[in-house]
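Notes for the one structure printed next.
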Amino acid sequence: MIPLSEAREHVLSRVEPLTPRRVALDQVLGLVLAEPVHAHDSIPGFTNTAMDGYAVRACDTAGAPVELAVVGAIAAGDDGDLAIGAGQAARIMTGAPLPEGADAVVKVESTRRLDESADRVRVEESVEPGNHIRYPGEDVTAGERVLAAGLAVTPGRVGLLASVGAYEVAVHPRPRVGVLSTGDELLDSAVPLRRGQIRDTNRRILLSLVQQAGFEGVDLGIARDDPAEIERAFRAGAAGCDAVLSSGGVSMGDYDYVKVVLDRIGDMRWMQIAIKPAKPFAFGVVDGIPVLGLPGNPVSSMVSFELLAKPALRSMAGFADAEVGPNLVKAVCGDDIHHSDGKTHYVRCAARRDSSGVLHVSSAGGQGSHQLAAMTRADALAVIPDGAAVRRGDLVEAILLNTGI
Ligand code: AMP
Ligand code: MG
């Protein structure tokens, strides 16, 4: 058996961020920038008002209340080609450019109109120069790098890109991930099962995990335990995807042809990792595409995805934190746990936060790698190292499973 860190390093050293592409702004949410983005112009690009009110010369308001002559109105979007002089004001709306001669804005709530035609206003507040004014470059200065390469695009960043006119940006494309199930026992329909059959759950799970992680899942179907069919499926996956995930056929069974086929058509490493569940794992390259062979038991395939496939796919998507990931937290363990079998255990746990926000985890039930129902009650995997006697109340590391806790 090898430590998980060795398996992960093996995988991460053999996958690369996908070749950047220029992608339209409406398609970049969640993708990673491959180039820095610079602002051509300052934002704001012109002096403007932060409030609806009157543009004034601050010195004219010194003896407030005062009366000023209203010389015009400026709306957002106007070019603001207006000037005010001593004793004058201009009606102005939020975002509109400040007129020549004005150096402050009095908010409308501090003013009163004096006649129907609105050409005189009573200003009831004295203001300092700069009051309610937004100056050029307060948000972004011209030439500034607004986003660095390697950042993931969030909703706010989509807006920032739009604000600097970057309607097409260089990003690492979203990995297309083929998902393949293998096994003669698998059925993908609601018809009654005959003895020996089970329904294919892994492909549904893995396609969902791929999608939840922000990647594009490609359904490669079920390959029977037949070498020709398995080869066809892997080759089709390699031809149409950036990576292929298969489940099943990587352990020690007589009909585990996945191993035979992949050894023939790919450059593979078969691993036994010192973890429970998800001990068997394979990584290799088929027709230039990374192939990850996950174990067949549903819980094992999920844990294998979390610990190995997701970091690999995140790395291909350009994320810098691929190895550790954002989901590793500390939690108070609610159970006594001890084992010494040479493996690190990933214990399926329900999690809750107490009133001070501290995370507590405790076993979600059956820990068998075939017990998917218990896995679905888990919000986290508690990481219990070999030989560590964890006592109720001890702090442990845990991996959050994106259940919203
Ligand atoms: P294998 O590694 O192919 O021997 O599979 C190990 C166990 O996982 C067996 O009990 C399989 O029936 C089960 N298994 C394999 N693939 C799937 C799948 N796609 N969905 C549900 N169970 C599976
Ligand atoms: Mg099988």
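Start at 1 and go down the list; that is how both ligands and their atoms are numbered. Computed over heavy atoms, backbone and side chain alike; hydrogens, waters and symmetry mates excluded.
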key: Numbered atoms and elements of ligand 1 in range of G249, under 4.0 angstrom, heavy atoms   = 1 (P), 2 (O), 3 (O)
request  = Look at the rings of H339 and H345 and say which category their plane angle falls in: under 30° parallel, 30 to 60° tilted, over 60° perpendicular.
outcome  = parallel
task = Do me a favour and list the nearest non-hydrogen protein atom to atom 8 (O) of ligand 1 with residue, atom name and distance?
result = G296 C, 3.0 Å
query = Should the heavy atoms of other residues, nucleotides or ligands under 6.0 Å from NZ of K276 be counted, would the total exceed 12?
reply = no
Protein contact of atom 22 (N) of ligand 1 - nearest heavy atom, named by residue and atom, plus distance = I198 CD1, 3.3 Å
query = Which atoms of ligand 1 have any heavy atom of L186 under 4.0 Å away?
reply = 17 (C), 18 (C), 19 (N), 20 (N)
inquiry  = Among all the protein's non-hydrogen atoms, which is closest to atom 20 (N) of ligand 1, and how far away is it?
reply    = T201 N, 3.1 Å
inquiry  = Measuring from non-hydrogen atoms of G183 to any atom of ligand 1, is the shortest distance under 4.0 Å?
reply    = no
Atom indices of ligand 1 within 4.0 angstrom of S181 heavy atoms, with elements = 19 (N)
message = For atom 12 (O) of ligand 1, what is the closest protein heavy atom, and at what distance to 0.1 Å?
response = E185 OE2, 2.5 Å
key: Matching residue for S369 among P295, S301, P298, P277 - test: side chain to side chain contact (heavy atoms under 4.5 Å, CB included)   = P277
query = In the protein, what heavy atom is nearest to atom 19 (N) of ligand 1, and what distance, to one decimal place, separates them?
reply = D200 OD1, 2.8 Å
ask   = In terms of heavy-atom contacts, does OH of Y135 have more than 12 from other residues, nucleotides or ligands at under 6.0 Å?
value = yes
message = Under 4.0 Å from a heavy atom of G248: which atoms of ligand 1 are those, numbered in the order shown and with their elements?
response = 2 (O), 3 (O)
query = Can you list the steps and then say if L328 with I399 is a side chain to side chain contact (heavy atoms under 4.5 Å, CB included)?
reply = CA-CA 5 Å; L328 195 63; I399 297 168; 3.7 Å; yes
Salt bridge (Lys or Arg N to Asp or Glu O under 4.0 Å) partner of E124, chosen from K107, R113, R112 = R112
remark   = Distance col, row H132:NE2 vs M51:CE, nearest 0.5 angstrom, shows 4.5 Å
query = Side chains of D200 and S181: donor-acceptor distance under 3.5 Å anywhere?
reply = yes
query = Side chains of V285 and R14: does their closest heavy-atom pair fall under 4.5 Å?
reply = no
query = atom 7 (C) of ligand 1: which protein heavy atom is closest, and how many Å away?
reply = N297 OD1, 3.5 Å
ask   = Heavy atom of S251 under 4.0 Å from ligand 1?
value = yes
ask   = Nearest protein heavy atom to atom 17 (C) of ligand 1, by residue and atom, and its distance?
value = N202 ND2, 3.3 Å
message = For ligand 1, which is the ligand I care about here, please tell me if P298 has any N or O atom under 3.5 Å from one of the ligand's N or O atoms.
response = no
